[in-house]
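Below is one structure; the comments refer to it alone.
No hydrogens, no waters, no symmetry mates; every other heavy atom, side chains included, goes into these values.
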Amino acid sequence: MNLKKSQSYIELTVMNWDKTDFGSTLREMCEAAKEYENDNIKVHQVVDLGKRKGESHYLIILNISQNLDNLGAPVGN
């Protein structure tokens with residue numbers, strides 16, 4: 001199996017926790033990071049960058065694994 005591994009970094013700002021489902025947001029980020037249907041995306045770390053002007057700021061680090069022998073179809077994001 002020929003694997004390619006990489007990381008992706010996404011900044012997330014939460015303005016209102018009452019209207020935010022953090023788990024769903026992370027799942028959506030993983031789906032949006034896919035280039036091919038067989039990509040394996042996992043949340044590696046969530047870094048709390050603190051609050052500014054009432055908004056919570058986070059850095060989301062994703063681990064991305066691609067099987068270069070079986071990418072699957074391209075995902076149109």
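Residues K51 and H57 have side chains not in contact (no heavy-atom distance under 4.5 Å, counting atoms from C-beta outward).
Of the possible donor and acceptor atoms, none in the side chain of N63 sits under 3.5 Å from a partner among the backbone N and O of K42.
Clustering of Ile, Leu, Val, Met, Phe, Trp and Tyr by side-chain heavy atoms under 4.5 Å joins M15 with none of the others. As a member of the Ile/Leu/Val/Met/Phe/Trp/Tyr network built from side-chain separations under 4.5 Å, L12 groups with I10, V14, W17, F22, L26, M29, I41, V43, V46, Y58, I60, L62, I64. Think of L68 as one node in a network of Ile, Leu, Val, Met, Phe, Trp and Tyr side chains linked at under 4.5 Å; its network also takes in Y36, L71.
Atoms OG and CG, from S56 and L49 in turn, are 10.5 Å apart once rounded to the nearest 0.5 Å.
Every residue two or more places apart in sequence or in another chain that forms a side chain to side chain contact (heavy atoms under 4.5 Å, CB included) with D21 is listed here: S24. The side-chain hydrogen bond (donor to acceptor under 3.5 Å, both in side chains) check on N38 picks up N70, with sequence neighbours excluded. Shown here are the side chain to side chain contact (heavy atoms under 4.5 Å, CB included) partners of Y9, two or more places apart in sequence or in another chain: Q7, L59, I61.
The side chain to side chain donor-acceptor pair (under 3.5 Å) test with D39 is passed by exactly one of K4, K34, Q66: Q66.
A pairwise comparison of heavy atoms in G72 and E37 identifies CA-CG, 3.7 Å as the closest pair.
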